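Atom set for the values below is all heavy atoms of this structure, side chains included, hydrogens, waters and symmetry mates excluded. None of the values given here were measured: they were computed from a predicted structure.
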Amino acid sequence: MMPDRAAGLAESARTLAEGEVSSRTLVERALARIEATQPTLNAFRIVRTEAALAEADAADRELAAGARRPLLGVPVAVKDDMDVAGEPTAFGCPGDFPPVARDGEAVRRLRAAGAVIVGKTNTCELGQWPFTEGPAFGETRNPWHTGHTPGGSSGGSAAAVAAGLVPAALGSDGAGSVRIPASWTHLIGIKPQRGRISTWPRGEAFHGITVNGTLARTVADAALLLDAASGNHDRDPHRPPALTVSDAVGRDPGRLRIALSLKPPFTAVPARLRPEVRARILELAEKLSVLGHIVEEADPPYGQIGLTFVPRATAGIADHVRETPDPALLDPRTRDAARLGRLLGGAPLRAARRAEAVLHRRIGAFFGSYDVVLAPTTAAPPPAIGALYRLGGLATDRAMIAACPYAWPWNVLGWPGVNVPAGFVGALPVGAQLLGPANSELLLVSLAAQLEAELRWHEQWPPQKADADGTAA
């Protein structure tokens, strides 16, 4: 039997600060939950048992001495594309990766807030796909239905939070990689403004399309982790104005003009919103209308935005492949993407970067008429384990676009988006995106929190034990 689920992030911080529990106790419980679920969920690539317990003891000494920091002594997890001093950063890849010497900036800031990093969560190879499977670590499974993927590429972080192993976790989002697994595991997933959470030691991850974000069961916890991790390295190229996103939780968003966008942005292969997912999104739109918002169908003028995404994504893969210890061990699909990235990494990449300003103006003008876009996060519920992993390169791309055509444009723009739970298709969760213009995290979080107060989605948990057919045991 798995030990009790983690309390929320804010609740854990409160009980620690008030002396109701020790950090060592919370960390021991988190480690026990991780150990108990590794054979079934496989959320973690690295578990920092000894180091986390030592850090918990240090936090308890600070707490006893009267020190207070936002997350002092709270166990959290980070995705295995983030540097944690003394640990390798394999980013889902096979091979012998050396330990890194220092924390990445986001991890450094979490530690400065007092968090204890219990481990690094699984991600697919270089974060390319909406599933978390690979020869380097096996299959990460969805706590709601272990026959299905939790999504990707932040699937390990999503599985860990959804199952209650840790109260919250960091992920990263280059084409929906926080929002997609959040939608498929019934979580809040915040993709913040580019630069809000540093990606240093990479000033621009995947040439600016990838940002770090947060996964949690409640809007308040996702915002708290975002605030703790936010901030910039001195050499970061993107430095948005500082925000305290937690301030927006519980704040009345006012009466908003919301564009319901159900049409997928242009993609090279067909993508169709599944009727059962569409029904869940329409129910959420109706709830927003009942709350007093003006909701009408309208689609942002995306145009040929996909032409600007591919060079940045594939050139980023090529950058990472050059740094792997043994590229011959990588998935053939990864090596093919890297070859394309090397071809597109010159003039096409420069043209893609120049196009961003044009897209900002054109899509930014849409926000003269609307405050927020409501869109599906995915077009389909989570696929079965192995359904995409076993495909070849072109078939993978087609299946990925068919399932997940909605999230990636906001990565090109660099603007904020928040996944909120939209209900279930059978036993499987699906989600919706709240999307806004530059630096709109406060608005999106206030709207998400208003919905949460009505729908109480955080009160639903996965079955404590689910067989591969999804039945609770």
Kindly check if the number of other-residue, nucleotide or ligand heavy atoms within 6.0 Å of [atom1] ([X]) is above 12?
X: Arg335; atom1: CZ; value: yes
X: Glu50; atom1: CD; value: no
X: Arg102; atom1: CZ; value: no
X: Glu35; atom1: CD; value: no

Looking at [X] and [Y], would you say the former's side chain and the latter's main chain have a donor-acceptor pair under 3.5 Å?
X: Thr149; Y: Phe131; answer: no
X: Thr121; Y: Gly156; answer: no
X: His148; Y: Pro382; answer: yes

Ignoring hydrogens and angles, state whether a donor on the side chain of [X] or [Y] is under 3.5 Å from an acceptor on the partner side chain.
X: Asp83; Y: Thr89; result: yes
X: Glu452; Y: Thr218; result: no
X: Thr396; Y: Trp129; result: no

As an exercise, state the distance from [atom1] of [X] to [atom2] of [Y], rounded to the nearest 0.5 Å.
X: Leu444; Y: Leu435; atom1: CG; atom2: CG; answer: 7.5 Å
X: Arg333; Y: Met400; atom1: CZ; atom2: CE; answer: 9.5 Å
X: Leu16; Y: Leu26; atom1: CG; atom2: CG; answer: 5.0 Å
X: Cys93; Y: Leu329; atom1: SG; atom2: CG; answer: 9.5 Å
X: Arg342; Y: Ile317; atom1: CZ; atom2: CD1; answer: 11.0 Å
X: Ile305; Y: Ile363; atom1: CD1; atom2: CD1; answer: 4.5 Å

Non-hydrogen side-chain atoms of Glu11 and Thr15 separated by less than 4.5 Å: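 In short, these two side chains touch, coming nearer than 4.5 Å.
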
For Trp461, does the six-membered ring have the charged nitrogen or CZ of Arg217 within the cation-pi criterion, i.e. under 6.0 angstrom from the centroid and within 45° of the normal?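 Yes, Arg217 lies over the aromatic ring of Trp461.
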
Validate the cation-pi geometry between Arg179 and Trp410: distance from NZ or CZ to the six-membered ring centre under 6.0 Å, angle to the ring axis within 45°.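 No, a cation-pi geometry is absent between Arg179 and Trp410.
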
Can a salt bridge be assigned to the pair [X] and [Y] using a cut-off of 4.0 Å between side-chain N and carboxylate O?
X: Lys120; Y: Glu87; value: no
X: Glu55; Y: Arg111; value: yes
X: Glu204; Y: Arg194; value: no

Ignoring hydrogens, what is the shortest heavy-atom contact between [X] and [Y]? Give both atom names and the distance.
X: Pro240; Y: Asn439; result: CB-OD1, 3.4 Å
X: Thr132; Y: Gly152; result: OG1-CA, 3.7 Å
X: Ser154; Y: Leu215; result: CB-CD1, 4.3 Å
X: Arg141; Y: Pro150; result: C-CD, 3.7 Å
X: Asp173; Y: Lys191; result: OD2-CB, 3.8 Å

